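Throughout, a chain's letter reflects where its sequence line sits, starting with A, and its residues are numbered from 1. Bear in mind the structure is a predicted one, so any value in this text is a computation, not a measurement.
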Amino acid sequence: MQKRPPLYTLLIRYREIGLVLIIAILVSAVGLRNPGFVQPSNLLFILEDTSIMAILAAGMLCVLLVGSIDISIAGIMALSAMVTGVVMRHFLTAVEGTVLVNGVETVMTIRTSVSLPLLLLVGIGVGALCGLVNGSIIAYGKVLPIVTTLGMQYIVYGICHIVSDGKAVYRKEMSDAFVEFSRASFLGLNTKTWIMLFVYVVLMLFITYMRRGRHLYAVGSNVEAAEMRGIPVQRTIVMAHVIMGALAGLAGLLYGSHDTKVTQDMAMGYEMYVIAACVIGGVAVTGGSGKIQGVLLGALTIGVINNALTMLRLTGSSEFWKKAIQGSLILIAIVSNVLLQRSLNRQNLRRRNI
Amino acid sequence: MREHKNPLRALLRWEVLLAALIVLTYLFFNAQIPQNYTIPKLLSQTRVYMVDVGFMALGMLLILILGDIDISVASIASLSCTIMGVAHNGGAGVPFPLALCLAIMVGALCGAANGYLVTRFKELFPMIITLSTSTLYRGIAYIILKDQSAGGFPGWFSTNLGYGMVNIFGYEVPVMLFCLLLVIPAFYVWLHKSPSGRRVFATGTNITTSFYSGLRTDRIKLTMFMINGAMAALGGIFLTARTGSVKYTMATGYEMQAIAIAVLGGASTAGGKGSVIGLLLALVLMTCLKNGLMLMYNDAFVLNLAIGVLLIMIVLVPNLSAMISQYRQVRKRRSDALRVS
């Protein structure tokens, strides 16, 4: 028997390597055209820019693993950001004060409100509550996930509008701590990146090493078998949705803090990118299979595509091309990943000794 | 015909439920705003709430019956109408009827591209494929039309088709609605009574079995996606007739509305289920509800809130009542068993 080339075995064992290749090709191709793209600062910026989508994709992984789907996350983001914003606006106190800016004393308005941890708690709590409702309807009411969350999307945006009383929350109604929340940096990395890394590490430990985390895979692979094995199927589904909701709440706060405004139609259509990131990352929409490393790479692929399109400035009217190219690039990324997998599987079969 | 032993269960049939809801909605709003909420006014409002989304929902029904989903219908409508507008009014100066045919052909072509990708790459999910093609199609429309809008359609298109009324049995019915009502019976007969329609259901119920029974499932899927694309283009054309101009952002969010209506009409995203009659009733229900809510609150968000609640409730309530009756049966059986022992 001939010696197997180690590259193939690696590729077969770790699907993610294909994705790393795609990202590498994309980055180097764009880097050839615009060297600024491969500067470390820009690569860090891509990481920072993708972090919100990556956080959502991690939550979506949990939901997809149990064989469910959540297309109401954009609405949940908007609602939790809006509730937090309204709370913040209600307790806002603005004081004129002198601050040292670059050694010059400047008069600035200092805005304080409810402390940041409390705001985070409110936002994440609202998100988790929405997730609980979604999960309960899906698990106990036996309504198809796509129908439930489609309905929830409408409902949540409606509630968001009612809560906001028709007014958006702007910079001047936000506390400084909240605005600073997505802008501060620590050890050279932005807080958003740190939060994303934290979420990924915790979630990875949870779904690979903890019993309840493994339940997600069990329920998604085979519901009947999981039920016979004594796994609380319905509770697991609810848990997945609560995780998704809480992460959507967190992402909503980051989004609002980054944009320094919270509107009623915030993040509309965002869910599609998140699902695309998961699928590029190799998560099966039927449930039961998918790795968190893949999801991170999938989110990064979309992030790189988005950033590259801005950096390339193809023609004067690049904005017009951006949307079309975005769609086709995502499609190409997904399809080439599939083709790569197919050829690898074929290689594998051919090498089998029968 | 399936016999219903329990008359209560028969009442829970989807279509009956929908019809009851329509009557309730009508009575409720008629009591609240009697002068503005009458059948003639509702009929004239179907132009806004029913026709364009109705065509898209009909196409979507086919895809849902197959167990797939198509997110790109709104973008297909946008692209095909953009091409129609540019072909008629841009440098080409194509005669308008030809431009109409071109729009439908573009729609069918986009649908065929979706269908090709879906059947060729079975590892990928239709949702994800149509998601990316949806960005692609709308992006192409954006490239063609930029930020401008195309208009200047012939009078018969925007006046007669968009705003015209025909008199049917003493009621003034919009021409657009009349067109939809012509298509729906044809759809019903084809989908529910003809062999080719039944094949769609068979494929959606169990694709493997259908394939081994000799159905060309790939070709069926491809055709259905093509028809869906053409229907999306048709919906877009009616939307254009109503609004009078084309922009690349047109019909945003229509894909979700179409899915919502098809699901409300009894289709399941798991495939194999769905009916044209249910869809028609769901359309009527949506029209009654939207019109009433718009008159009372004049707020699109409240409207969406109500639609969301309706969408979840109408699926949840029968499920819950079935679960409760099942639970009762189990308890009864258990107590019987205890009594015997």
Which atom pairs, donor and acceptor, lie under 3.5 Å between side-chain atoms of residues 285-296 of chain B and protein residues at least two apart or in another chain?
{"unit_1": "Thr287(B)", "atom_1": "OG1", "unit_2": "Leu283(B)", "atom_2": "O", "d": "2.6"}
{"unit_1": "Lys290(B)", "atom_1": "NZ", "unit_2": "Gln257(B)", "atom_2": "OE1", "d": "3.0"}

Separation of [Y] [atom2] from [X] [atom1] (nearest 0.5 Å):
X: Leu310(B); Y: Ile155(A); atom1: CG; atom2: CD1; result: 10.0 Å
X: Leu320(B); Y: Lys142(A); atom1: CG; atom2: NZ; result: 10.0 Å
X: Ile312(B); Y: Ile137(A); atom1: CD1; atom2: CD1; result: 4.5 Å

### Message
Please check if the number of heavy atoms outside Tyr116(B) that lie under 6.0 Å from its OH is greater than 12.
### Response
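Atom OH in Tyr116(B) is not crowded, with 12 or fewer foreign heavy atoms closer than 6.0 Å.
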What part of [X] is in contact with chain A, defined as an atom under 4.5 angstrom from a non-hydrogen atom: side chain, backbone, both or neither?
X: Ile69(B); result: side chain
X: Leu264(B); result: neither
X: Val309(B); result: both

How close do [X] and [Y] get, heavy atom to heavy atom, and via which atoms?
X: Ile162(A); Y: Leu305(B); value: CD1-CD2, 3.9 Å
X: Met127(B); Y: Ile275(A); value: CE-CD1, 4.0 Å
X: Ser268(B); Y: Leu144(A); value: OG-CD1, 3.5 Å

